[in-house]
2 protein chains.
Amino acid sequence: MVHLSSPRARRTRARILDAALDLFERQGYEPTTVAQVADAAGVTPMTFFRHFPTKDAVLVTDPYDPLIADVVAAQPAVLPPFERVRLGMRAALGEIDPDEDATARRRVALVAANPALRAAVVAATAATEDAIVGRLVHDGVARLDARVAAAACLGACTAALLEPPDDGESLGAVVTRALDLLGQAS
Amino acid sequence: MVHLSSPRARRTRARILDAALDLFERQGYEPTTVAQVADAAGVTPMTFFRHFPTKDAVLVTDPYDPLIADVVAAQPAVLPPFERVRLGMRAALGEIDPDEDATARRRVALVAANPALRAAVVAATAATEDAIVGRLVHDGVARLDARVAAAACLGACTAALLEPPDDGESLGAVVTRALDLLGQAS
DNA sequence: CCCTGAATGTTACTCGCTAACATTCAGCCG
DNA sequence: CGGCTGAATGTTAGCGAGTAACATTCAGGG
């Protein structure tokens, strides 16, 4: 992993990412080797792994954000844990994603098409899930209750983001819809 | 993959499984190589892969059961999709697991300890999730709604099963508790 | 007793990924 | 302008998961 992206390193990383997306879209994720990606980027496989720890890291980045756990914990403690997580995540995730560039859409489409990558997304959200669980447990919520609530809400959001989007709808709006569906009034 | 387990193949498979659980528990999942497992089972690595398609398949088996989708689809169609999936899975999963042998507990403990294996579990439940979504969509439910409901409930159940269990509580009881927590009255 | 097919072994290979060490590049200072 | 320094990249070698093609052994029925 390159320490702090110097101007040169940033360009190299961008070239690798472009080459990867291009090849993944043209010949599929699994059939594409990182050697091919590195080659197309004019770079060595070793350099690929210095910029992305794994092959799937090009598409799946850890969205861990301590802010989410904060907002969840800030919901009224009198609510049942599931409601607390649901409303907290709604508040935290409904607004973000201002940088909803075309690259993000390409990544999502590629991940959605591959079961192994979908699993990688779950692994990447583990940190966020643990953060939420930790905060709730610290507030006296039973560990099982906290885990179930966090897993259900994160699973719902992930699934919603990977569904083929009604184009025009923002990613934030999709998340909001997903979490609303988990409320009883839906 | 061995076609149909002859008596000999069944014994070999059992030896591999025993050796794998033993080594995984003693030195961890990742540090253990399939060569070591095969060796301890008195077998070649090639034979290992003929009985288990991947290393993690020793611990993670696809629990796909068309019955679950059936029971979900049988819930009253007037209910919101999330309630339908929740109650359906409660009915389908609350009772099963009669073969709750010690081996199952060992597997669960090993999976719970490893993030990569947890991810493998969600990949393995993809078939079940798709089956539920397919049934609901066939009933006229919007695809996003169906996906979100199925993902939330499956995520909750998986998370609950991987939490360190109050020993004495059956796996079926844990699932029931998890799904009840997603109801509003909790 | 052989004969047949299933189960296993052997060999060789690809791909993801890592470590240790050498090399080139970009900018700052004299 | 020219060398210095550290970051970025290259080179080589290797491990482990997984696969393919082909050879070999085993168990049971004619």
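Chain letters run A, B, ... following the sequence lines, proteins first, then strands; residues in each count from 1.
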If every non-hydrogen atom of A:Val137 is compared with every non-hydrogen atom of A:Ala146, which pair is closest and at what distance?
CG2-CB, 4.3 Å
Can you give me the closest heavy-atom contact between A:Arg143 and B:Glu163, atom names plus distance?
CG-OE2, 3.1 Å
Joint cluster assignment, B:Leu162 & A:Leu136, ILVMFWY side-chain distance < 4.5 Å
no
Can you tell me the distance, in whole Å, between the CG atom of B:Asp39 and the P atom of C:dT8?
16 Å
What parts of residues 44-61 of chain B reach DNA chain D, counting only heavy atoms under 4.0 Å away?
B:Met46, B:Phe49, B:Pro53, B:Thr54, B:Lys55
Between C1' on C:dA6 and CZ on B:Arg13, what's the gap in Å once rounded to a whole number?
17 Å
Starting at the 5' end of nucleotides 25-30 of chain D, put B wherever the base has a protein heavy atom under 4.0 Å, S where only the sugar-phosphate does, and a dash everywhere else.
-S----
To the nearest Å, how far apart are A:Arg15 CZ and D:dA8 P?
14 Å
Can you check the A:Gln27 CD to C:dC15 P distance for me, whole Å?
11 Å
Value for CD1 (B:Ile132) from CG (B:Leu154), rounded to nearest 0.5 Å, stands at 5.0 Å
Flag this pair as yes if the NZ/CZ of A:Lys55 is under 6.0 angstrom from the six-membered ring centre of A:Tyr29 and inside a 45 degree cone about the axis; otherwise no.
yes
Using a cut-off of less than 4.0 Å, is there contact between a side-chain N or O of B:Ser6 and OP1 or OP2 of C:dA7?
yes
Are any of the side-chain nitrogens in A:Asp145 or A:Arg84 under 4.0 Å away from the carboxylate oxygens of its partner?
no
Rounded off to whole Å, could you give me the CG-to-C1' distance for the A:Leu117 and C:dG16 pair?
14 Å
Do B:Gln75 and B:Glu83 have side-chain N/O donor and acceptor atoms under 3.5 Å apart?
no
If I compare all heavy atoms of A:Arg118 with all of A:Val111, which pair ends up nearest, and what's the gap?
CG-O, 3.5 Å
